[in-house]
Every structure is written in C-alpha cells, then in structure tokens.
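Below is one structure; the comments refer to it alone.
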Amino acid sequence: MAVLSSEQIAAYERDGFLVVKDVLSQAEVAELRRVTEELVEKARGVTTHNDVYDLEPSHSAEEPRVRRIKTPHLQAPIYDQVMRHPTILGILQDLVAPAIRFDTSKLNMKAAGYGAAVEWHQDWAFYPHTNDDLCAVGVMMDDCAIENGPLLCIPGTHKGKVYDHHADGYFCGAIDPTGSDIAFEQAVPCIGPAGSISIHHARTIHGSALNTSDRMRRLLLFQYRAADAWPLCAGNQMDWEAWEALMLTGQTDPIAPRLADVPVRLPLPPARSQGSIYENQRGLKTSFFGKADTRAA
C-alpha cells in the first residue's frame with residue numbers, strides 16, 4: 001500500500017528531493033538524541049578521527065566537538081531500528097523500487113554556532129552504480145530551519161549532468177562553484193520539525209551552510225538503493241554474504257544488475273585527504289559556504 005500521495009511522488013520525480021513531516025514519533029526522536037549525546041560524551045577521550053568519530057578542528061577533551069558519527073547503524077540499536085523503520089521503507093518503495101537494499105549511514109552534527117558546512121556535491125560522484133535508483137534519507141533529529149544550516153537541494157538537477165568533483169586532478173567530493181552553470185540561488189531548504197525526513201536522489205546537487213544559530217542541527221543520513229543497482233567503483237571487492245544481508249524489502253535476481261544509460265564519473269584518483277566528506281572537501285580551492293554573504297543561501 002502506498003505511503004505517499006501521488007502529488008508527493010510527482011514532486012520527488014520532478015525536483016529530486018522531498019520532505020515528509022512527522023515520520024518518527026517524539027519518543028523515537030528522544031531516544032536518538034539520548035544515544036547520540038552519550039556517543040558525543042565518549043568522544044572526550046578521542047584525539048583524532050577514527051572509525052566512529054569525525055571531529056571538528058576545535059575538538060578537545062574539555063569541549064568535545066563531533067561533526068560526524070560514522071556508520072551509526074553499527075554503533076547502537078536505535079540507529080539500526082530507524083534505518084529499518086516501516087514508514088521509511090514504505091516511502092522508499094513508493095519512490096525508488098519495490099526491492100530496496102541498504103548501503104550505509106552517517107550522522108552529521110552541526111553544533112550551535114560552529115557546525116561545519118558541506119560544499120555543493122552530488123552523492124552520485126562518490127558511489128556510481130549500474131543504475132541511478134539511489135537516494136539518501138535524512139532524519140531530522142532537531143527542528144530544522146534555515147538558520148541552523150539545513151540540507152539545501154537544487155530542484156531538477158538529478159536529471160542533468162554529473163559535475164566534476166575534482167581539484168588538481170584528484171577527487172575532492174565537491175563542485176567548484178566558480179564559473180559553474182549551476183543556479184545555486186534556486187536551492188530549496190529541506191526544513192521541518194524534529195521527526196521529519198528528507199529524501200534526495202543520488203544525482204541531486206545539494207549542500208549545507210554553516211550553523212551560525214544558537215540551535216543544534218543533527219541529521220541522521222541513511223543511503224539506500226534499488227536492489228538491482230550495483231556499485232561501479234574500481235577495486236570493489238564483493239563480500240557476498242554481507243551484500244545479501246543488506247536486503248531490506250522485496251526480491252530481485254541476485255546476480256542480474258540492471259544497467260541504465262546514466263552519466264558516470266568515477267571518484268578517481270582518490271582524494272588526497274582521505275576520510276569523510278569533510279576531509280575530502282579540503283581539496284576544494286574555492287569554498288561556497290565559507291563566504292559570509294552565502295551562508296543563508
């Protein structure tokens with residue numbers, strides 16, 4: 001049974017993103033916050049990026065500052081439960097495919113007053129597949145408004161080209177805004193109360209500004225794909241049991257990837273600054289969101 005209306009489905013197909021309000025209960029949001037605060041507290045004893053934490057440059061034991069929790073679905077049961085949330089899976093079946101396979105997760109944390117920006121990019125540049133029926137779901141753990149650095153999406157860009165995400169010949173995970181034909185001024189903020197979700201297509205151009213407000217903005221991100229979309233990145237080594245364990249809904253021929261005529265650029269040579277997107281984007285020479293007059297774009 002469809003979860004979304006025909007108007008919502010049409011809006012996603014047209015724009016490449018959608019916000020659905022009040023998907024999670026307040027009890028679920030409260031548990032996400034509690035577990036996340038415990039993880040941040042444990043970061044006091046961490047001095048550098050590791051398999052769990054990506055740290056703000058100003059992080060210290062006295063004031064732990066975490067900009068990302070990596071693969072949160074592996075860190076605590078509540079994250080895995082939300083990843084499998086029946087309403088979220090129903091929405092994905094409406095928008096992507098009946099058979100859905102999980103990819104990975106991350107929790108981007110924008111603390112009040114200093115939360116890091118994410119430069120304009122397309123997720124597709126990081127992980128191209130045999131077809132582009134892929135998306136990311138952002139679970140809003142806090143009320144998300146323009147002031148605290150929400151996800152910004154540029155409508156219709158999921159139907160366009162894949163932009164260069166390189167600098168000096170190396171992948172940097174960001175689009176150079178100078179001389180670009182992208183209409184950044186058309187970006188739409190994905191805002192809503194805590195418990196809402198955003199869904200954006202893997203080819204949609206998006207980013208987010210610094211959080212200069214006095215309010216936290218935590219966005220729990222899950223990446224999903226149609227079960228017949230297979231990764232193209234060179235050097236991928238398939239762990240068959242692990243691959244099959246990522247199946248969430250429906251059925252598909254396990255060894256028959258669906259090939260689609262979609263533009264692809266590989267994230268090679270690898271970024272000079274390996275790690276999370278924040279590290280990759282250090283290679284970008286011209287920042288868009290670092291400019292004071294563009295933080296409210």
Side-chain angles (χ1 to χ4, degrees), residues 2-4 6 8-18 20 71 73 83-84 88-106 120-138 151 153-166 171 173-175 182 190 197-206 221-268 270 277 280:
V3 175
L4 299 178
S6 58
Q8 288 173 307
I9 294 172
Y12 178 81
E13 292 175 350
R14 179 189 68 236
D15 298 332
F17 62 94
L18 181 71
V20 183
T71 56
H73 70 287
M83 180 267 285
R84 301 172 190 273
I88 292 176
L89 295 183
I91 289 170
L92 292 170
Q93 289 183 302
D94 285 349
L95 298 179
V96 180
I100 298 294
R101 194 188 304 270
F102 180 59
D103 183 7
T104 190
S105 67
K106 54 219 172 192
W120 297 111
H121 67 283
Q122 295 164 294
D123 294 344
W124 188 246
F126 289 79
Y127 44 84
H129 280 57
T130 58
N131 64 72
D132 66 348
D133 285 330
L134 296 89
C135 70
V137 170
L151 179 71
C153 292
I154 303 180
T157 51
H158 65 305
K159 298 180 180 180
K161 67 182 181 181
V162 178
Y163 285 81
D164 188 10
H165 289 61
H166 289 67
F171 184 71
I175 300 168
I182 300 169
C190 294
I197 69 168
S198 62
I199 311 102
H200 68 267
H201 190 279
R203 286 170 58 190
T204 299
I205 297 174
H206 62 286
L221 288 157
F222 296 115
Q223 295 168 199
Y224 301 92
R225 54 200 161 192
D228 57 6
W230 284 54
L232 292 177
C233 290
N236 179 68
Q237 298 297 315
M238 182 65 69
D239 180 327
W240 186 254
E241 290 186 1
W243 174 250
E244 284 295 280
L246 296 173
M247 283 293 296
L248 296 176
T249 68
Q251 295 180 334
T252 188
D253 186 331
I255 55 171
R258 175 166 49 91
L259 304 178
D261 184 10
V262 292
V264 167
R265 295 177 67 92
L266 295 177
L268 299 170
I277 190 172
N280 291 173

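The side-chain contact (heavy atoms from CB on, under 4.5 Å) check on L246 picks up R101, F102, R225, W243, with sequence neighbours excluded. In terms of the salt bridge (Lys or Arg N to Asp or Glu O under 4.0 Å) criterion, E241 has no residue partners (sequence neighbours excluded). P98 meets the side-chain contact (heavy atoms from CB on, under 4.5 Å) test with no other residue; sequence neighbours excluded. Scored by the side-chain contact (heavy atoms from CB on, under 4.5 Å) test, S198 finds V19, M140, L151, C190 as partners (sequence neighbours excluded). Residues passing the salt bridge (Lys or Arg N to Asp or Glu O under 4.0 Å) test with D123, sequence neighbours excluded: none. Legend: residues meeting side chain to side chain donor-acceptor pair (under 3.5 Å) with R14, ordered by chain and number and at least two apart, are absent. Applying the ring-ring contact (aromatic ring centres under 6.0 Å, His included) test to F126 and every residue at least two apart in sequence or in another chain returns H121, F171. Shown here are the side-chain contact (heavy atoms from CB on, under 4.5 Å) partners of Q251, two or more places apart in sequence or in another chain: there are none. The ring-ring contact (aromatic ring centres under 6.0 Å, His included) test applied to H158 returns H201, not counting sequence neighbours. Judged as a side chain to side chain donor-acceptor pair (under 3.5 Å), and not counting sequence neighbours, D15 has no contacts. For S105, the side chain to side chain donor-acceptor pair (under 3.5 Å) test picks out H73, with sequence neighbours left out.
Interatomic distance, CD1 of I154 versus CD of Q122, reported as 9.0 Å (0.5 Å rounding).
Screening residues 250-260 for salt bridge (charged side-chain N to carboxylate O under 4.0 Å, His left out), with sequence neighbours left out, gives D133-R258, D228-R258.
Of the residues N131, V162, D132, the one that meets the side-chain contact (heavy atoms from CB on, under 4.5 Å) test with V262 is D132.
Looking only at side-chain heavy atoms (C-beta outward), L4 and L18 come within less than 4.5 Å of each other.
With hydrogens and angles ignored, the 3.5 Å screen pairs a side-chain donor or acceptor of Y224 with a backbone N or O of M83.
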